[in-house]
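Just so we're on the same page: letters track the sequence lines, and every chain starts at 1.
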Amino acid sequence: MSWIKDILNPEVRQWEDFYRNRWTHDKVVRSTHGVNCTGSCSWNIHVKNGLVSWELQALDYPRFSAEVPPYEPRGCQRGISFSWYLYSPLRVKYPYVRGALWDLWTEARAAFPKDPVAAWGSIVCDPVKREKYHSARGKGGFRRGTWEELAELIAASNLHTIRKHGPDRVVGFSPIPAMSMISYAAGSRFLQLMGGVSLSFYDWYCDLPPASPEVWGEQTDVAESADWYHSKFIAVVGSNPFMTRTPDAHFLVEAKHNGSKLVVFSPDFNQVAKGADQWVPIHAGQDSAFWMAVTHVILREWYVEKKTRAFEDYLRRQTDAPFLVCLEPGENGGHRAGAYLRASQFKATSQVEHAEWKFFIWDEGSDGPLMPAGTVGHRWQKKKGAWNLKWKTEDGVDFVPRLSFLESHDLVESLELPDFTDGESGATVTRRVPVRRVMTERGEVLVTTCFDLMCAQYGVSRGLPGERPVEYAEGGHPYTPAWQEPFTGISASDVIRFAREWARTAEQTGGKCSVIIGAGANHWYHNNLVYRSIITAQMLTGCIGVNGGGLNHYVGQEKLAPVSAWAPLAFGSDWKIPPRLQNAPSYHYLHSDQWRYDKKFGDVCNVADPEHRMTTGHTVDQQIRAVRNGWLPCYPQFNRPNHQVLAEARAAGHTTEASITQYLIDELKARRLRFAMEDPDNEASFPRVWYIWRGNALLSSAKGHEFFLKHYLGTHTNAIAPEIERSEVKEVNWVEKLPLGKLDLVVDLNFRMDTSALYSDIVLPAATFYEKDDLNSTDLHTFIHPLQKAVTPCWESKSDWEIFRRIAEATEAMAKEFLPDPVPDVLLTPLLHDTPAELAQPAVKDWISGECEAIPGKTMPNIKLVSRDLTQVYRKYISLGEGVRENGLGAHGCLYPVDDLYDAYHEGHPMEKWNGKSYPSLRHDRDVCEYILHFAPETNGELAHRAFEAEGHKTGLDLSHLSRDNRGVRMKFDDLVSQPKRYLTTPYWTGNINGGRTYNAYVLNVEEGIPWRTLSGRQHFYLDHEAYRAYGENLPTHKARIQPEKYGDFDKTRPDSMLLNYLTPHGKWEIHSTYGDTLRMRTLSRGLEPFWMNDKDAAVLAIADNDWVEVHNDNGVVCTRANVSARIPRGICMIYHSPERTLSVPKSPLRGGRRAGGHNSLTRIRLKPLLMIGGYGQFSYGFNYWGPTGVNRETHVTVRKMDKVVF
Amino acid sequence: MNIRAQTSMVFHLDKCIGCHTCSVACKNVWTDRAGAEYMWWNNVETKPGTGFPIGWEDQEKYKGGWERKGGRLTLRSQSKGSAFFNLFYNPNQPGLDEYYEPWTYRYQDLFDSHAGDDQPTAIPISQITGAPMEIKAGPNWDDDLSGSPVYAENDPNLSALSELERQQLFEVERVAMMYVPRICNHCANPSCVAACPSGALYKRGEDGIVLVNQDKCRGWRACVGACPYKKVYYNWKTGKSEKCILCYPRLETNQPPACFHSCVGRIRYLGVLLYDADKVASSMCVKDEHLVESQRDLFVDPHDPAVIQAAKDNGITDAFIAAAQASPVYKYVKVWKLALPLHVEYRTNPMLFYVPPLLPAMGKSDQGVVSTLSQEFFSTIEASRIPLSFLSKLFSAGNTGVVTDVMKKLLAVRLYRRSLSVPEAGADQAGEVLRAAGLTPAVADEIYRMTTMATVYDRFVMPPIQAEETTYAGRDAEACKGCNGFGSHPAPQRGA
């Protein structure tokens, strides 16, 4: 071996320059990836000879704490593949238009040479022409267009639609803004300035966890990933952070090596299970059963068998556990848990402001009921300063809340509790509960505490008279460890051990036990119950609002850190008209007609009271109730154009806002005027123009994709599901033969030819993330990152901001001729959370049946008259309106003034001058970035200071110490470019990151005594709304899963032999559908997104690994290859979210040789009507905050091998 | 003593999340071009599995590495007699079936398809021929137990398992997987270098990086067969072989290799090892079970004055010596004995090392109800999914004792760290476990800190080269500065 020599001689090594020459570049530019990924990773884009050649992660995150590992490097296999897109054959380089439409347009323009608006009208009002280009959608035939030609067509369609149908028929969808907030704001601002509609995303994706509004009154707030490191016990539930939180995963492993335990719950042996101490192979979707039993153990061993002082103190101070609940007569001689005891029930307090909205605890000192400060009633009362969690009443009286009446009751009563163990509605168990008598204005009422209700609900015996001891091994007793075995497939002993390790760790560490949770838990119909069962265990062990604790929900969550400055810009409210913000689940359920295939929800949803009007009937009818009562938005608003309704009002002699409003009410009451959602299949109710940007609205996020194709686009579909009978619905207007293809025009802005682009009428070439300036933030860390133009937008592409600016410019120019006068409009908005409207409806009453008056903003939606001036839409788009100056900025009712900043802004910033006024310019994307950084408290320390002053005024707390040290901080775009910057602590978020602390949710609430934005101002175990009681969800519970036959996925489809539960978890090779079509990711997978199944199931079906298979149900069909793996358990199957139809998809033999679909071809949404309630504290509408979510896990498929594959 | 400096890397497999970011980083920078499509200088494999190229660990088939014959090492790929014959025919090399046919899609059809009666789709086509093709293999085909009955069950390392263990490996009781990222091992005794008939492969004197001289390579491909790790690839366009270069252009400028830089699991450590080159061959001439220990003996203490003097005598710079003294790799390999070589029984003296992963506790299934087997807080080594015998086939030439020692240490550090923040966890017990694992609290803290808290500057400790004394040594440095870049080396060409 002596002949192996090391070579040092440089002469023979000159060839080494070959590789050195490759490693050279001209410049490095900081940017990131701007859609739908919460990674928010800072990247160095390497530009060489004018081309983006590769990207590598930035490593220069400032080390803000020596107590946690560093954040570098952040960035995954998908992000590092992005540079492939720029010059790839998949890149949209030019504007495209569908040939069939273009021919019609050319013809129409010739017929109406001077009137493009009329030309558009001549196409879309002609059923034959409609059919012609609708049926061509998605089937090739694209033509290149010019920006000018297509901007004219788009402008004409905008104006035609507004003129004929009203602006609320123009709608836009773009996913989560946080990752490229300027690009999102581009479309939404343009739409809102016209009067159009923005569709929500978080609830539509089913990523919104409704339990978060339920328990905390908050959309979602979670720990940054570095905070996991502080956790000493981490449970991962329905989440796969090794695969989907790639840049954060290291904190999990590092926590392990610092002595944390990691337990992973997942039906399959997934990637994160590999890193766990313990893998719990729980049955899919049954997590709530496990956690109900865990809580049973915790209550018994930490609250009953011994007292745990720290846990009890936490419950008293931070939760509604000591709040008093009235008992009502039950069915079987016992009692049922009713509503909270309220100030309105006592003579002494019935006259206080918002007496319906102030609640009681039992004071240990005075041994009687007492009204603490800090409730929602205190929040919205005129006198400020009593909305806090101090143990004082509004008048300054000290108190100590009693947690339980166990030792000081008047009586022990029987409590009838709903029990869904057998999957039946209406079943109950009877338990014992200690109660006190309270004398109210209407006589004696029996009350107990929420905590006592909890002990009864969980079946923990406390030696009350009539109670017998319960053993863990009693399988027939909900919710013992043995009881959960049949649901979860996990042994009782594992439950007990888990509960003990969990609670012991929490006790020893002050609550440093956390849960990482995601889509695997949240995409089920009863996701709110799954989450509440877990949160309950966490609250009982003091793990919320603590660094190292927390329910850390990571799926589709967004954290747009500078939201208070961004929101008015994004929704055009700087021009003083509130926006139209629509919850997409209701919208798509109605308008894509998925309701017409949906059976009565009672089939899939067990309830406590099957007779209650809110638990019976069809979901669509419940949806209509929600719209009517002002709980949920409804756009388009009416089944007639808004301006037409207003013209009718004026024709009837109504001129003032009040009398016009009354006219509208009268018309609605007489049912001469209907909400569009009451009549969704009437052509007058159709959405007409749809803008899609930054997203893949037609496939990746289109649950019920095949119904989208059918009802929105009017093209081919592979759905074969039968419609329901007309008799199954009551309130909705049933149209017997509905026209297909509701949409006149679909415009897609895209840098790649994805499925949405392929099916759109017009595709506009968008700049990639390396070709525009933008801002990006996340909740996984606390930095704010820039996107930057590393190269000029390639070919003819442009940034989203510029594209919408051009469309606005074309629309304004055309409006001057064809829509010169302002269009009268009426704006309906639902009762909003974080406004006084959340005190609107202490009880559910329906004005349509005369139970109450129809009062806008109280018993029905708010009504406001506005007008739309389309001749200013462009100039408003590029100018920051004075609404910002006049109203200040803020969120959830906490505003800070910025008038001085607005006035001073003209110095050193570009301005727009028109109509004799001067406005801060928003002409270029970079201008918008600078505006946000200057006006947001997260990036401007002076404003953080003002915001805490405002919050201090509301709460009566001195919060100035939270902003004192940051007051001089200012961040500009160039600062973010130079090095990642951590944003500042503000009252718009609930963590405290001062002094290098890691962010965790609700730390400000727990440490500072700022209330949660809920009814009680505390975290809720108990949800006392009438509907929650009727559904049997007023207390945490477990609802058994329903047999797949009941879903209605197999009315027509004959199962090939076995039904498999179809799961679509987030994948390894894509962020939603982005990156999944790059050559890199497809090469590292199997060239397509395969169908994962268990090896034994595959053997039964004679399917071998890599065989082509046809996966189908009534909703549609997917053709792909099987990936046969032992890590998938029997009975379930997976297609990772989300493949494209554009790549390697064969034709389906089962559907007559038509191209098969994508993963969402197999899904269809079902909405849970309980989540539609409103006007009731935290149960009030907010965009992406509240409403039913687009659940999709209750889907089964059948699969068979394909013998012949045809492309 | 004949002291050399070796650039070496450690992969902490407990931290590996199998994301493949490293692979893409490498591909973007180095092999994103015609002729190199199928090359993955860095790839990540799921174990159990058959890897890339398929079944590369089967040296009965591929005959890579060295054999111990009569106390000496000989190349398995060529006896002296067959070497000449094999120049023209080497039956032991992987073919396209073992690699894969690189493909792309007819993306342009999505734009160009004429109006028709159905949706267009972009079909897969070969990157070599442009013809439509069926995808039957890829560089990461058995990722995450994909096709486990076909691939994982054929992992050669499973030969160490009992029949019961093998059966359970794909049941809920034991199912598990782990990831192994692989680049060239930059061996101290590289069989690829030994096998090259043209003398094109060499080890760089200053840092031990193994390279294929693109000027001298004649495309014999003996290196492809001889490398037991299958980490030399033949470029079909240039007719030259290429391999991982450990990103020397980046290393030379004090930047970590692209795979290291992009490792989002933060699993990689890179630094200098000083070794005694006189012992390189003999250290691999011991029995399998002694190989790990024998290799460790190669590495010398960079603080030892005698070693320092010997290093200086061999021209090793002060900067390299300082880096060796601060080397995280030295800690992991020699001091803590946590990092082990991959398939050291191939006897090439691989210079990259792996910390084996902890895995979840086993379970048992009784009438459909599953329980976890271990009742210990962090489970035990014995109850770990994937048997130790399997890990030892990978990392210690079958010596389970070596792997057991590592696992004990990893668990002990965790228990110890827990005892510092969770009072109940018990400092006494933690101290006992530490002692049993042969650790002190101080060492445990060091291990913990390097495992979790290390920044890129702690994990990557290398001096930049002094180009004026190495690359441009003997030339006028001032003139080189002025001409830098003008005299780019021409790209290699077939037949050149």
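- Heavy atoms of A/Ala1122 lying under 4.5 Å from chain B are absent altogether.
- Relative to the ring axis of A/Trp23, B/Arg250 places its NZ or CZ within 45° and under 6.0 Å from the centre.
- The number of heavy-atom neighbours closer than 6.0 Å to CD of A/Glu67, taken from other residues, nucleotides and ligands shown, is 12 or below.
- A/Val92 touches chain B through backbone and side chain together, each having a heavy atom under 4.5 Å away.
- If you tally non-hydrogen atom pairs under 4.5 Å between each of B/Pro120, B/Gly138, B/Ser23, B/Ala25 and chain A, the highest count goes to B/Pro120.
- Ring planes of A/Tyr96 and B/Phe111: tilted class, angle from 30 to 60°.
- The side-chain tip of A/Arg20 does not point at the ring of B/Tyr248 from less than 6.0 angstrom away and within 45° of straight on.
- For B/Lys27 and B/Trp40, the positive end sits near the middle of the six-membered ring, less than 6.0 Å away and at most 45° from its axis.
- Pairs of residues two or more places apart, or lying in two chains, that qualify as salt bridge (Lys or Arg N to Asp or Glu O under 4.0 Å) and include a residue from residues 113-122 of chain B are A/Lys1147-B/Asp118.
- For A/Leu59, the part sitting under 4.5 Å from any heavy atom of chain B is the side chain, from C-beta outward, and nothing else.
- A/Thr246 touches chain B through backbone and side chain together, each having a heavy atom under 4.5 Å away.
- At a 4.5 Å heavy-atom cutoff, the contact between B/Ala454 and chain A is made by backbone atoms alone.
- B/Asp143 and B/His20 form a side-chain donor-acceptor contact under 3.5 Å, judged by distance and modelled atom types alone.
- No part of A/Ala1098 comes within reach of chain B, as not one of its non-hydrogen atoms sits under 4.5 angstrom from that chain.
- Only the side chain of A/Lys1068 comes within contact range of chain B, judged by heavy atoms closer than 4.5 Å.
- Ion pairing between a basic and an acidic side chain is recognised when a charged N comes within 4.0 Å of a carboxylate O; B/Asp142 and A/Arg1086 show no such pairing.
- Neither the backbone nor the side chain of B/Thr46 comes within contact range of chain A; no heavy atoms are under 4.5 Å apart.
- Contacts between A/Tyr19 and chain B at a heavy-atom distance below 4.5 Å involve backbone atoms as well as side-chain atoms.
- Put simply, of B/Glu242, B/Arg106, B/Glu37, the one with the most heavy-atom pairs under 4.5 Å next to chain A is B/Glu242.
- Side-chain contact between A/Gln278 and B/Pro360: absent, with no pair of heavy atoms (C-beta onward) separated by less than 4.5 Å.
- Contacts of A/Arg245 with chain B are absent, with no heavy-atom separation under 4.5 Å from either backbone or side chain.
- A cation-pi contact, defined as under 6.0 Å to the ring centre and within 45° of the axis, is absent between A/Arg91 and A/Trp84.
- Shown here are the salt bridge (charged side-chain N to carboxylate O under 4.0 Å, His left out) partners of A/Arg1154, two or more places apart in sequence or in another chain: there are none.
- Options B/Gln108, B/Arg204, B/His114 differ in how many heavy-atom pairs under 4.5 Å they form with chain A, and the most are formed by B/Arg204.
- In this structure, no portion of B/Cys22 lies under 4.5 Å from any heavy atom of chain A.
- For chain A, the nearby part of B/Thr470 is the backbone; its heavy atoms alone come within less than 4.5 Å.
- Of the two parts of A/Asp494, only the side chain, counted from C-beta on, holds a non-hydrogen atom closer than 4.5 Å to a non-hydrogen atom of chain B.
- In this structure, B/Arg417 satisfies the cation-pi test against B/Tyr448, with its NZ or CZ atom closer than 6.0 Å to the six-membered ring centre and inside 45 degrees of the ring normal.
- The contact between A/Tyr759 and chain B is made entirely by side chain atoms (from C-beta outward), counting heavy-atom distances below 4.5 Å.
- Residue A/Pro281 touches chain B through its side chain alone, counting heavy-atom pairs closer than 4.5 Å.
- Neither the backbone nor the side chain of A/Arg143 comes within contact range of chain B; no heavy atom of the residue lies under 4.5 Å from a heavy atom of that chain.
- Heavy-atom distances place both the backbone and the side chain of A/His257 under 4.5 Å from chain B.
- Figure legend: cation-pi geometry between B/Arg414 and B/Phe378, with NZ or CZ positioned under 6.0 Å from the six-membered ring centre and within 45° of its axis.
- Contact annotation for A/Val68: only backbone heavy atoms (N, CA, C, O) come within less than 4.5 Å of a heavy atom of chain B.
- Only the side chain of B/Ile245 comes within contact range of chain A, with at least one heavy atom under 4.5 Å from a heavy atom of that chain.
- Using a 4.5 Å cut-off between heavy atoms, B/Gln127 touches chain A through its side chain atoms alone.
- Only the side chain of B/Gln255 comes within contact range of chain A, with heavy atoms under 4.5 Å apart.
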